[in-house]
Amino acid sequence: MSWTQSVTQCIQSGGMLTSVEDLAESNFLVEHADLYTSKTSGFWIGIYRNVNGQLLWQDNSTLDFVNWGEGQPSEDQLDYCVELSAFSGYWSILPCSSQKGFICKKPKIHPLLFALFLFTDAKKDKAHGHMNTWMLFTLVLIILLGMGFMIYFLFKIKTQSETEREARWHSTLLEYSCVLTGKDDVNDSTNNKEKNEHSIV
């Protein structure tokens, strides 16, 4: 994408072309940009020249850190834009219409939250396909987990109700047995009294 298209894309995603505030952030970007070197040699960043020739960040960050490549920037290229090399991390001036990837930076919502998005034209089309595949995979996984939990709980309820049914059956048998045993004891004591009465007479 051109620099202008990249700016538009970043704004639509809720961010701006990235600013690079220090060497640590530059190293972070290079480390992650290196993953995309097969798709692009560089990425647009949010530095530009205003009409007075002054370099500014698109997000109004202060320009305290620079990482220019050798011989950059050239004063005769005022209408050019800045790319970050995916291989070296150095910055260079290119015509703004050049087709490059771009790096968006979203504003910090929380001090610990920092979001970077790496985009290339080639990646954009593939990203939707990969995203759809991952969404489908996640949906299938959630369905399978749900079915697994459902089967587990149904089995647990069935096992529990069978155990309770067996316990009630054993309890009923025991009560019936006690009742029978208790009646026999009463009958035995009655018979013993009768025997004793007969023997006295």
Side-chain angles (χ1 to χ4, degrees), residues 1-50 53-142:
M1 287 188 171
S2 70
W3 191 86
T4 307
Q5 290 170 327
S6 301
V7 168
T8 303
Q9 188 70 36
C10 285
I11 290 171
Q12 288 175 350
S13 70
M16 294 184 171
L17 281 177
T18 191
S19 56
V20 184
E21 298 176 20
D22 54 32
L23 184 60
E25 188 172 10
S26 180
N27 290 338
F28 174 83
L29 292 172
V30 171
E31 181 181 321
H32 288 85
D34 188 47
L35 300 172
Y36 299 95
T37 54
S38 64
K39 300 187 187 319
T40 185
S41 62
F43 296 88
W44 293 123
I45 57 175
I47 197 169
Y48 69 98
R49 285 187 193 265
N50 67 7
Q54 183 182 14
L55 291 170
L56 301 170
W57 286 114
Q58 183 191 12
D59 65 2
N60 296 321
S61 298
T62 57
L63 186 62
D64 293 335
F65 172 79
V66 292
N67 196 21
W68 294 109
E70 191 175 326
Q72 297 287 330
S74 154
E75 290 300 322
D76 61 337
Q77 298 174 324
L78 293 179
D79 60 337
Y80 282 34
C81 297
V82 180
E83 82 154 337
L84 173 124
S85 170
F87 301 104
S88 66
Y90 290 118
W91 304 349
S92 57
I93 300 286
L94 291 176
C96 296
S97 60
S98 299
Q99 298 297 303
K100 295 291 177 182
F102 57 98
I103 303 173
C104 295
K105 186 180 197 179
K106 289 191 175 183
K108 294 178 184 177
I109 299 169
H110 184 275
L112 301 176
L113 185 61
F114 178 72
L116 282 178
F117 294 94
L118 298 173
F119 294 99
T120 62
D121 287 336
K123 182 184 167 217
K124 187 177 176 184
D125 293 334
K126 287 185 180 181
H128 292 298
H130 289 299
M131 193 164 94
N132 290 340
T133 302
W134 281 108
M135 285 177 24
L136 180 63
F137 175 76
T138 304
L139 183 62
V140 168
L141 185 63
I142 290 170

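Keep in mind it's a predicted model, so treat the numbers as computed, not measured.
In this structure a side-chain-to-backbone donor-acceptor pair under 3.5 Å is missing from D59 to G46. Formation of a donor-acceptor pair under 3.5 Å by the Q58 side chain with backbone atoms of L17 is found in this model. Judged by distance alone, the side chain of E25 and the main-chain N or O of E21 form a donor-acceptor pair under 3.5 Å.
Scanning all heavy atoms of the two residues, the minimum distance from Y90 to W68 falls at CD2-O, 3.7 Å. Residues A86 and F43 come closest through the heavy atom pair CB-CE1, 3.8 Å. Shortest non-hydrogen contact noted between C96 and S2 is O-CB, 3.4 Å. Minimum heavy-atom separation, W3 to I45: NE1-O, 3.1 Å. The shortest non-hydrogen separation linking W91 to V82 is CB-CG1, 3.8 Å. When every heavy atom of N67 is checked against every heavy atom of S26, the shortest pair comes out as ND2-OG, 3.4 Å.
In this structure, the separation between CD1 on I47 and CG on L55 is 5.0 Å, given to the nearest 0.5 Å. Rounding to the nearest 0.5 Å gives a distance of 11.5 Å between CD of Q99 and OG of S41. Taken from CH2 in W44 to OG1 in T4, the straight-line distance is 9.0 Å, to the nearest 0.5 Å. Note that the CZ atom of F102 and the CD atom of Q9 stand 4.5 Å from one another [nearest 0.5 Å]. Within the model, atoms OG of S97 and CD of Q5 stand 10.0 Å from one another, a figure rounded to the nearest 0.5 Å. One finds the NZ atom of K105 at 12.0 Å from the SG atom of C10 (value rounded to the nearest 0.5 Å).
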* Asked: Taking it one step at a time, do L56 and N60 satisfy side chain to side chain contact (heavy atoms under 4.5 Å, CB included)?
  -> CA-CA 7 Å; L56 301 170; N60 296 321; over 6 Å; no
* Working for side chain to side chain contact (heavy atoms under 4.5 Å, CB included), residues S98 and E83 -> CA-CA 10 Å; S98 299; E83 82 154 337; over 6 Å; no
